[in-house]
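Everything on this sheet refers to the single structure shown next.
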Amino acid sequence: MLVKDVMTRNPVTITTDMSIPEVKALMKEKKVSKLPVLDKSGALKGILTESDLNKASPSDATTLDMFELSYLLNKLKVEKIMTKKVFTTTEDQPVEDAAKIMQEEGFDCLPVMSENLVVGIITQNDLFRSFVEMFGASYKGVRATFAMGDQPGSLSLFVAQLARLNANIVSLVTSDASDKSKRLVTMRVTGISIEDFKSLLQNAKLSIEDIRNA
C-alpha cells in the first residue's frame, strides 16, 4: 500500500498572509484541522494545525475586551504561528515509511509532494483507515494470531492447507515475536469454522496467541 492509496488529494491550503479569523472560518467550513501553508507562488512554506491556532489564541484569563481581541487576531498572520519545519512524503512512498516519519518526528500529518507542488496530505486518520483495511476488519470471519517459525516456506505450507479446506484469506499481517526465531501471524479467514481453523493450527503445531469469530 502506497501513500497515494490512502492520502487526501487536492487538500485545502492557505497562504502565509491570511489572518487567524480567516483560517478558523475556513477550517470550520471545510471541516479540516490541518492546512498546508503556501506562498504566492504555490511553494510549501509550512503547515498550520488546530493545535497551532489554540496556542496562538488568548487564554480565558485575558483582560482584553472583544474588540481588542478581534483587532489583534486580525493583525496576526499565518506566517507568525505556522510550523515552518515540515516533513513531507511522496505519492509513491510506502505508507509504512510515511507512518515511521510521523512517529519519529512527532507529526500527525505529512504534505504529499510531486516535485514542488502539494498534491495531497496524509494524516493519522488516513493511517488508521488503512490499518482497518489492512486487517480486513469489515469482513466477518475467523481472526487468529499465532506464532510461526521464521523459516522460508513455513507460511506457504500452512496457506496450502487452508486452501484445501476452501478457506479464503481476507487479510494476513506478520509482526515481531518475543522469540526472534518466530513471527507472529495475524490472519482473518472466511469460509471456515473457528473449530476447524483451531484444529488446523494445532495439527500444524503452531502456538495460538488468540483466536475468535470476528
Side-chain angles (χ1 to χ4, degrees), residues 1-62 64 66-138 171 173 175-176:
M1 187 177 289
L2 304 179
V3 167
K4 66 181 179 182
D5 299 318
V6 302
M7 73 181 193
T8 299
R9 295 183 179 276
N10 303 314
V12 180
T13 61
I14 54 177
T15 56
T16 55
D17 59 352
M18 288 179 68
S19 70
I20 301 311
E22 286 178 312
V23 174
K24 285 185 173 181
L26 185 63
M27 281 185 170
K28 184 177 180 180
E29 176 191 350
K30 301 296 184 180
K31 297 179 181 178
V32 294
S33 59
K34 302 165 184 63
L35 297 168
V37 184
L38 313 179
D39 64 15
K40 291 182 179 179
S41 70
L44 180 67
K45 304 303 290 183
I47 195 158
L48 187 72
T49 68
E50 202 166 43
S51 177
D52 295 323
L53 287 178
N54 291 336
K55 290 175 184 176
S57 298
S59 72
D60 293 336
T62 181
L64 297 175
M66 182 175 60
F67 299 103
E68 291 171 320
L69 283 174
S70 178
Y71 173 78
L72 289 175
L73 288 176
N74 274 296
K75 293 284 286 183
L76 186 59
K77 302 300 181 184
V78 166
E79 188 175 25
K80 296 295 184 183
I81 66 168
M82 69 184 187
T83 299
K84 295 179 180 178
K85 183 182 179 182
V86 183
F87 286 81
T88 63
T89 184
T90 58
E91 293 180 276
D92 59 356
Q93 187 170 36
V95 68
E96 63 269 23
D97 290 349
K100 188 169 183 288
I101 293 172
M102 292 166 67
Q103 179 191 39
E104 290 178 347
E105 302 300 335
F107 288 98
D108 57 7
C109 65
L110 295 175
V112 184
M113 308 297 293
S114 177
E115 296 183 353
N116 294 321
L117 296 177
V118 177
V119 295
I121 189 168
I122 184 168
T123 68
Q124 285 182 336
N125 284 341
D126 295 324
L127 293 177
F128 290 149
R129 187 173 65 252
S130 67
F131 179 85
V132 170
E133 292 174 359
M134 191 181 304
F135 277 87
S138 60
S171 69
V173 179
S175 56
D176 293 335

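Values below: all heavy atoms of this structure, side chains included; hydrogens, waters and symmetry mates excluded.
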Checking [Y] against [X]: is there a side-chain donor and acceptor pair closer than 3.5 Å?
X: D126; Y: T123; result: yes
X: Q93; Y: T90; result: no
X: D39; Y: S41; result: yes

Please give me the minimum heavy-atom distance between [X] and [Y], naming the atom from each residue.
X: V3; Y: P94; value: CG2-O, 4.3 Å
X: P11; Y: P36; value: CG-CG, 4.5 Å
X: D17; Y: K77; value: O-CD, 3.3 Å
X: L38; Y: K45; value: C-CG, 4.1 Å
X: V23; Y: L35; value: CG1-CD1, 3.9 Å

Check whether any side-chain heavy atom of [X] lies under 4.5 Å from a side-chain heavy atom of [Y], and answer yes or no.
X: I121; Y: V32; value: no
X: L53; Y: M27; value: yes
X: T83; Y: D52; value: yes
X: V78; Y: E22; value: no
X: I81; Y: I20; value: yes
X: Q124; Y: K34; value: no

Rounded at 0.5 Å granularity, tell me how far [atom1] in [X] sits from [atom2] in [Y].
X: L127; Y: R129; atom1: CG; atom2: CZ; result: 9.0 Å
X: L48; Y: I14; atom1: CG; atom2: CD1; result: 4.5 Å
X: T15; Y: M82; atom1: OG1; atom2: CE; result: 10.5 Å
X: E96; Y: S130; atom1: CD; atom2: OG; result: 9.5 Å
X: M18; Y: K24; atom1: CE; atom2: NZ; result: 13.5 Å
X: L44; Y: T13; atom1: CG; atom2: OG1; result: 10.0 Å

> Does the pair D97/K100 count as a salt bridge with the N-to-O cut at 4.0 Å?
Replying inline: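 Looking at K100 together with D97, the answer is no, because their closest N to O distance does not fall below 4.0 Å.
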Indicate every side-chain donor-acceptor pair of residues 105-120 with a distance under 3.5 Å to a residue at least two apart or in another chain.
none

